[in-house]
Protein chains: 4
Amino acid sequence: MTKTVTSSDSRTRILETAYRLFYEQGYHATGINQIIAEAGVAKASFYHHFPSKKDLCIAFLQKRHRDWFSWLKQEVDSHVEPRERILSLFAFLEQWLTTSKFRGCAFLNLTSEFPIPDSVIRRMIVVHKAELREYIKELVQSFVDKTASPQKVEVASLADTIYVLFEGSIITSQVYSSIWAIQSSREAVQRILT
Amino acid sequence: MTKTVTSSDSRTRILETAYRLFYEQGYHATGINQIIAEAGVAKASFYHHFPSKKDLCIAFLQKRHRDWFSWLKQEVDSHVEPRERILSLFAFLEQWLTTSKFRGCAFLNLTSEFPIPDSVIRRMIVVHKAELREYIKELVQSFVDKTASPQKVEVASLADTIYVLFEGSIITSQVYSSIWAIQSSREAVQRILT
Amino acid sequence: MTKTVTSSDSRTRILETAYRLFYEQGYHATGINQIIAEAGVAKASFYHHFPSKKDLCIAFLQKRHRDWFSWLKQEVDSHVEPRERILSLFAFLEQWLTTSKFRGCAFLNLTSEFPIPDSVIRRMIVVHKAELREYIKELVQSFVDKTASPQKVEVASLADTIYVLFEGSIITSQVYSSIWAIQSSREAVQRILT
Amino acid sequence: MTKTVTSSDSRTRILETAYRLFYEQGYHATGINQIIAEAGVAKASFYHHFPSKKDLCIAFLQKRHRDWFSWLKQEVDSHVEPRERILSLFAFLEQWLTTSKFRGCAFLNLTSEFPIPDSVIRRMIVVHKAELREYIKELVQSFVDKTASPQKVEVASLADTIYVLFEGSIITSQVYSSIWAIQSSREAVQRILT
DNA sequence: CATGAATGAGGGTTCATTCAT
DNA sequence: GATGAATGAACCCTCATTCAT
């Protein structure tokens, strides 16, 4: 039992170190040497666990995908009212920005670093964002289902606007190192949902 | 005089080559060697004109700033109605995406590559984006000034929402290689301005 | 009993895989990883059976020595006339070149890869070649013994010439990927033996 | 004037160092690090002059081709009699083996290290050997032209036999670190030319 | 007898930059 | 204003081998 944990220790340390460095510095700016130095493993140990740097990046994105959605849903699920659940998307962003070394969205950042759209990593990014888009749509659907008033705007349109505001808030907060965009977007969504 | 023109030729070629490569491939992924090779200049000539790669990047951003705003304002100025001028922001985006090798916003991409907020390049990016934000605010002000109806929402709030939708549209279009976000945001703005 | 067979199975697989790879790719170009991957054994199993890569090479040469002479003698022994037996040396070469992935003589190839003459492997190579030289000498002796006519040339000289033609044919066929040298040498030997 | 020599000094040192090491140790056994260390240049200087290790090998073979033929022809040209000129091929071999760090033929050795026949280097090797074969044929042609006696054997056949004996002598001398094969082949050729 | 994790040393290559001319 | 040679540091990756289990 303890064995399993111990044996994959080094792989875990590599992944967690890369997890941090890829997010904080970016993919290209982070070298294998720094990763193994901070993880405290030998270079060959790295390549024993990961065939290449890109494969490590893929593992990073898989973990990030799970973690990030877990954080997001934890915040959303702390609310029951459909309207509040939607607005909590931006509460999540504000919390993210203020309580961690915020460097924007790891997936958006990697989009900048990997120019070729039809690559493994770019496809993973699209999958991640498509899941976010779908999740927001579900939140909006719940809201529309509950509110008796006949909505004039379709669910999809409404959801996409919120999605774009969400994405725009992330990138803008990253650029300015400020939360004004998040608050502004939250208020905009509040008005839209009235 | 002719000399000056001739002599700055190589500087121009370097800058224009970097302009293209930095945008298409990113900063880290573009090496000095590729730049001088494609520009057709000697390595020492490069360092004669630009003290470092970062200085070249600064020159790139300066030129990009001028060019991009020139393109944007050209599109906006082709309309007179304040409402149309605002909506033309998204017409501009659609045109950008469809008529060029679209790789998102050069400034947002560089934000991903330069982690440290308090650096020369990151400050240039903020200046660029702040100017865009201010420009959108002016467009919204013109719209509000004209429409007699007393707006309940403040100009600044309205402008920021449009700004965030604009930014979100860029990044989303880049992720999906699709214009759906632009069209969706344009419609959202249309409704908001009603 | 069954155990012994089963347990030496992995050793056999390693040796046979190395047998093929060392010959097709060369010693330096063949890594331990490729060998164990294609043999389907664990890395530690490899070092359980062979103390080092060089020891595996030694085992390879031992097996190769037995196999190769077995093939050669099988061809030679299909003839009874001393003259035909000598000429069959070149029939063997032609068959070797045309019916297999011919990459020259494994021993000569390793001579290129191991520069130091006074090493275990180089000594094995000399032993192998000395045995070939001796074998050819025996064939020539049989031929001289039978033919009543007093040969003016000594047996040793004649045998060495054939030996050198044999070796030259192998290396030349490898260089040109062609059998012309084998045929030419065969004809030369035919004339000499007249 | 001195400038030109000085500026290409480092390229020359790299090539000459590789020239020696590739011959003495082989291609795979010689690393870039050793080459630059013994040449006394920085690693990047190496890649400034040679795009890759393989390109250095190509340059090595080009120089070797010129040098080796120069040595060979110098020996042959010290004789006037066609018969002596042919026999001097083996005098050259003997001299080569006894007056230098003989490690066989650089081209044959590389044939062992580069398995793929249809590659740049393997093609260079064939060209080198084809030129040797042609050169020997010319020597034999001169001999046949002069000797009035009608040769029964064709020039091409005779030349090829000598070529194969020449190649076989090189490889055999390398294997045994001995000149017996050269002497034996020389005597064989003497008899053949009688 | 067998395993996979871990290693130090080195593989070939490219980086942004500086130098003398 | 322009050149190409030269550099130290770092790039990603692979080598044959040893270890604990």
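Within every chain, numbering begins at 1; the chains are lettered A, B, ... in the order of the sequence lines, protein sequences first and strands thereafter. The structure displayed is predicted, hence computed values, not measured ones. Side-chain atoms are counted along with the backbone in the values below, which use heavy atoms only and exclude waters and symmetry mates.
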message: Would the distance check show the side chain of Y27(C) and the main-chain N or O of L110(C) forming a donor-acceptor pair, the cut-off being under 3.5 Å?
response: no
query: Should Y47(D) be listed as having a side-chain N or O under 4.0 Å from OP1 or OP2 of dT14(E)?
result: no
query: Please give, in whole Å, the distance from dG4(F) C1' to D9(D) CG?
result: 15 Å
hbond_proxy K43(C) side chain to dT3(E) base (donor-acceptor, 3.5 Å cutoff): no
- line: Sorted by number, residues from residues 52-61 of chain C placing a heavy atom under 4.0 Å from DNA chain F are S52(C), K53(C)
- request: Assign each of Y27(D) and I32(B) to its nearest nucleotide of DNA chain E by heavy atoms, then name whichever residue's nucleotide is nearer the 5' end.
  value: Y27(D)
message: Please report the interatomic distance CZ(R64(C)) to CG(D67(C)), rounded to the nearest 0.5 Å.
response: 7.5 Å
- line: note: I36(A), atom CD1; dG8(E), atom C1'; distance rounded to Å ~ 11 Å
query: Is R103(D) reaching over with its side chain to a backbone N or O of Q174(D), donor-acceptor style, under 3.5 angstrom?
result: no
message: Does either side chain, that of S52(B) or that of D55(B), offer a donor lying less than 3.5 Å from an acceptor on the other one?
response: yes
statement: Between F46(D) and H28(A), whichever has its closest DNA chain F nucleotide further toward 5' is F46(D)
query: Do any side-chain nitrogens or oxygens of S10(D) fall under 4.0 Å of OP1 or OP2 in dA5(F)?
result: no
message: Is the phosphate of dA2(F) approached by H48(B) (side-chain N or O, under 4.0 Å from OP1 or OP2)?
response: no
message: For a quick test of reading the model: is some side-chain N or O of S45(D) closer than 4.0 Å to OP1 or OP2 of dT7(F)?
response: yes
- prompt: Of P51(B) and A42(A), whose nearest nucleotide on DNA chain E comes first from the 5' end?
  reply: A42(A)
- prompt: Is the shortest side-chain N/O distance from H49(D) to OP1 or OP2 of dG4(F) below 4.0 Å?
  reply: no
- prompt: Counting only Watson-Crick or G-U wobble pairs whose two distances fall under 3.5 Å, which nucleotide matches dT21(E)?
  reply: dA2(F)
- prompt: Closest approach of F46(B) and I32(B), non-hydrogen atoms and distance?
  reply: CZ-CD1, 3.3 Å
task: Could you pick out which residue, G31(C) or G40(B), lies toward the 5' side of DNA chain F when each is mapped onto its nearest nucleotide?
output: G40(B)
field: side chain to side chain contact (heavy atoms under 4.5 Å, CB included) partners for H65(A), two or more places apart
entry: F69(A), F107(A), H128(A), E131(A)
task: Quickly work out the Q34(D) CD to dG11(E) C1' distance and round it to whole Å.
output: 13 Å
- request: Using a 4.5 Å cut-off on heavy atoms from C-beta on, say whether the side chain of L56(B) contacts that of F22(B).
  value: yes
query: Which of these nucleotides, dT7(E), dG12(E), dT14(E), is closest to any side-chain atom of A44(D)?
result: dT14(E)
- request: Please check the phosphate of dC12(F) (OP1 and OP2 only) for any side-chain N or O of N33(A) closer than 4.0 Å.
  value: no
message: Whole angstroms only, please: what is the CZ-P distance between F50(B) and dT18(E)?
response: 16 Å
